[in-house]
Amino acid sequence: MSAAATQPAVQTSKRGTAVNWQSSEMLALRKKRYAADRRLQAYGMLAIFFALGFLVVLIGTLTFTGYRAFTQSMVTIDIDFSSAEINRENPMESNWRTIFRKAVIDDVGELSRSEERDYFSMFTSSAPFLIRDQIIADPSILDGRASFTVPMSDPIDQLAKGLVDTDLPENQRRVNDKQIELFNKLEAKGAISQPFNWGLFFNSDSRFPELAGLAGAISGSFWLLLVCFLISFPVGIAAAIYLEEFAPKNRFTDLIEININNLAAVPSVVFGLLGLAVFLGWFGLPRSAPLVGGMVLALMTLPTLIIVTRASLKSVPSSIKEAALGVGASKHETILHHILPLSMPTIMTGTIIGLAQALGETAPLLLIGMNAFITSPPSGVLEASTALPTQIYIWADSPERGFVARTSAAILVLLGFLVLMNSIAIFLRQRFERRW
Amino acid sequence: MVSYLLIILLVASIASAMAGLHRARRQRDLATIKVHSRPIYHALNAAIWTGVPAFVFLLLWTLGEASIQDMLVLSSFPGADQLSGPERDLLISEIRQVQAGNLFTEPSPEILAAVDHLKSLELIFNWAMVAVAASLASIGAFFGYRIIQDRYQARYSVERSVTWFMIFSSIVAIITTLGIVSSLVYEAYQFFTKVPFAEFFFGTRWEPQIAIRADQVAGQGAFGMLPVLFGTMVISALAMAVAVPTGIFSAIYLTEYADQRFRSVVKPLLEILAGIPTIVYGFFAVLTVAPAVRSLGLSLGIDAAPNSALAAGGVMGVMLIPFISSLSDDAFAAVPRAMRDGSYALGATKGETIRKVLLPAALPGIIGGVLLALSRAIGETMIVVMAAGLIAKMTLNPFDSVTTVTVQIVTLLIGDSEFDNPKTLAAFALGLVLFTITLGLNLIALQTVRKYREKY
């Protein structure tokens, strides 16, 4: 240890107080101060890793539980129609349930009555009707043997994906021993396949997980966003132009601005209450309709859109405006021909981001009844429908095991749409936005 | 019906614009003096005059039509003037159901007569709508076309219309606020005519079950909102306990320690957390976090509920991290460079500068951000609807389940709702409370942020 370190840290003499920075006390103090510095840095790292780790776990869990719903176990069955009792004039009238049962029972041989019931419940309960619809679409199938591929019911689907623990006692799982035996028999025959689950995108909602799909929800969300866009885009831009370029500075315009800023922070569920009381209660518009949902979402998106548009109008250099006014354009012409086109990329970016937020919004849609059970996609804005987030809510509440995977898959689809919209927004920004 | 009319109206507007364009061009070519407006303005003017009055009429008509029909049907219904409000609603919905063909029981002759009345009214209303819309459009088109002269100031007229549209658009924000406040206050007032004021604000029991029959045993509902509000505060506090330290520490690291590259990668990743829909967080809370919290509680020897406040609050906190982080980021960035340099010049370490100089200087901005985040936490709905409980309890135990204002609003209003039931109206009273609290927090937060910004 050097001589300086052994001397006392603070020496008082006649000339004043001198601090010996090399003393061991001061060394310890410095060490402590640097340690505090490093600690702060570590806390920061920790906070960021916590947040990002959560994100990774979130996406990872959803992918892990959801990816299985992108395939569906199907079974291929042969049916010989030459011997079946079918009303050939009008296939709709035949007893399809019996025809189907006869056809599948031929494959496995003798079964007792309760075993038969177990066997039939391995197929989706609307399998006879799926076959019927194929035949009505193409009656020539009726002439001979034909094979059909129909979904298996939810418990068997779980079994095929290896999610049923066969070591458990029989009464603790949803698939009994006989069904496992029959399943293995079918599998040995090569009748079981696991193709990509197109039904997830092209079917509408159903009580049975193996048949439930997102077609209704996706088209409902499409109509919602269309209504939302058609209202909020023109109104938002018009309001922003007025407030930025025309409005006189007085108490009334101040009031408007305070209102817009506050509306941006009002909870979404309150907008739902507004939609329920005003649009449904006072105006008598139909429940569960995308029109009402779109109007509510438009009111929610408006403040964001106005704020973004004003910022981008403000960023256009005043020289452009002055030049246009200088050559004799009117104020309206200046804005419409020069300022608005120049700020359009930013406005479009903001609009897409606003619509992406609206797409994920759930609470207001629940209050206006868009969580109804609807089995066909809406064909217009006045028909009852669901939306992607409300469909997720419905499925998350359903007790069947298969809906857990479906819910995660639906969330992945929703996140996919959000990623797509945001990438378009980022692309627009990078490609067209001007920096002045 | 209305959608066809709107399409016809659009076509008519385009047609009159074309005709106007043609006429204006001819006028311009024949004119001996310089015309005031370019032909396109005359065309737009004609289109506006044709389309806009009829469009506004159609909009107002469709919004008001149903209630006027109901009024007319009820006024001619025998004995309807003795009925109370809810009974009238019931009657009219029955008439509408019968008219739509949904027969549950054989309707009475009075109802059948009312249905016939309604049908004839609808026919008259439809024809009246078509007639008025058509005459408005044709009168507009006629004048819009006739007025095209070389000295007519069509551009001024079009610009005036555009300005009026812009003014109307700006007022939409005020109309929305008025709509929110008036609907909440009106329905809450209805609620307070059935449930006393004091019981709602100071009652400590929340059991919104209302007897369907008068003699039902389970009947007596209780509407004291204190436990619900308490649950909201518990979950928000848990969320803030997660979000505030994480958000501020990550903002400190990103603004002060991280290099440009790290920052440009991590900041957008953090923003993703803010962009994920809340229903996704809710599902994740139910699927993963709640079971984890439950097993944590059980391993600590605490009897944890499956829908614990900690799971809902914790996930909500993560959702708020980017919010607090980016607002703190702005607050740090607004501190002048000179203050930082002064601190370094005195020999302070980076950490000391942050703790003793930056943080106090940025504190008002950070507090503003925290208040905004708190207001979001109180108003957040989907996470708690999925992950929090339904039964109102006054407990501080984070492993127990509590309910929140937003959960109660959603559960009271999901499914078919009638507007005469205290259960439905209670949701609006809760909505009013929620709106007031969040509005207050937002105003205070914005005030704090603004005040602070003027300082440097």
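Below, chain A is the first sequence line, B the second, and so on; all start at residue 1.
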Find the one option among B/Ile321, B/Thr438, B/Thr176 whose heavy-atom pairs under 4.5 Å with chain A are most numerous. B/Thr176
Side chain / backbone / both / neither for B/Val280 at chain A, heavy atoms under 4.5 Å: both
Would the number of heavy atoms belonging to other residues, nucleotides or ligands and lying under 6.0 Å from CZ of A/Arg401 be above 12? no
Does any heavy atom of chain A fall under 4.5 Å from the side chain of B/Leu287, the backbone, both, or neither of them? side chain
Applying a strict 4.5 Å limit to non-hydrogen atoms, the region of B/Arg376 in contact with chain A is neither
Looking only at B/Val315, B/Leu372, B/Leu273, B/Val266, most heavy-atom pairs under 4.5 Å shared with chain A are made by B/Leu273
Okay, A/Thr65 and chain B: the region with an atom under 4.5 Å from a heavy atom over there is side chain
Write out all pairs satisfying ring pair (Phe, Tyr, Trp, His ring centres under 6.0 Å) with one or both partners inside residues 30-62 of chain A, taking only residues at least two apart or from two chains. A/Tyr43-B/Phe249, A/Phe54-B/Phe284
Compare all side-chain heavy atoms of A/Met45 with those of B/Tyr257 and state whether any distance is below 4.5 angstrom. no
Chain A contact via B/Ile378 - side chain, backbone, both or neither, heavy atoms under 4.5 Å: neither
Could you check if a side-chain atom of B/Leu413 sits within less than 4.5 angstrom of a side-chain atom of A/Leu273, using non-hydrogen atoms only? yes
Quick one: are A/Gln41 and B/Lys350 in side-chain contact, heavy atoms under 4.5 Å? no
Could you tell me whether the side chain of A/Asn262 reaches within less than 4.5 Å of the side chain of B/Thr177, counting heavy atoms only? no
Under 3.5 Å donor-acceptor pairs involving side-chain atoms of residues 355-365 of chain A, not counting sequence neighbours:
| unit_1 | atom_1 | unit_2 | atom_2 | d |
| --- | --- | --- | --- | --- |
| A/Glu361 | OE2 | A/Ser268 | OG | 3.2 |
| A/Thr362 | OG1 | A/Gly360 | O | 3.3 |

Of all heavy-atom pairs linking B/Ile180 and A/Leu274, the shortest is N-CD1, 3.4 Å
Can you say whether B/Thr381 sits under 4.5 Å from chain A via the side chain, the backbone, both, or neither, judging by heavy atoms? side chain
Which residues from residues 163-172 of chain B are near chain A, with near meaning under 4.5 Å between non-hydrogen atoms? B/Thr163, B/Phe165, B/Met166, B/Ile167, B/Ser169, B/Ser170, B/Ile171, B/Val172
Give, as side chain, backbone, both or neither, the part of A/Val381 having an atom under 4.5 angstrom from any heavy atom of chain B. neither
Could you tell me whether the side chain of B/Leu439 reaches within less than 4.5 Å of the side chain of A/Val266, counting heavy atoms only? no
Roughly how far apart are B/Ile414 CD1 and A/Asp397 CG, rounded to 0.5 Å? 8.0 Å
Can you pull the salt bridge (Lys or Arg N to Asp or Glu O under 4.0 Å) pairs that have at least one residue in residues 33-42 of chain A, sequence neighbours excluded? A/Arg33-B/Glu352
Cut-off 4.5 Å, heavy atoms of chain B, and the answer for A/Tyr393 is both
Honestly, the part of A/Val419 sitting under 4.5 Å from a heavy atom of chain B is neither
Give, as side chain, backbone, both or neither, the part of B/Tyr156 having an atom under 4.5 angstrom from any heavy atom of chain A. neither
Would you mind reporting whether A/Phe252 and B/Ile174 have side-chain heavy atoms less than 4.5 Å apart? yes
Where on B/Val158 is there a heavy atom nearer than 4.5 Å to chain A: the side chain, the backbone, both, or neither? neither
If we only count heavy atoms from C-beta on, is the A/Leu414 to B/Pro277 side-chain gap below 4.5 Å? yes
Under 4.5 Å from a heavy atom of chain B, the part of A/Leu415 involved: side chain
Answer yes or no: is there a side-chain heavy-atom contact under 4.5 Å between B/Leu446 and A/Ile258? no
Cut-off 4.5 Å, heavy atoms of chain A, and the answer for B/Val385 is side chain
Using heavy-atom distances under 4.5 Å, tell me whether B/Ile354 contacts chain A through its side chain, its backbone, both, or neither. side chain
Leading residue by heavy atom contact count with chain B [cutoff under 4.5 Å; candidates A/Leu418, A/Leu336, A/Thr407, A/Ile392]: A/Thr407
Is it the side chain or the backbone of A/Leu263 that comes within 4.5 Å of chain B heavy atoms, both, or neither? side chain
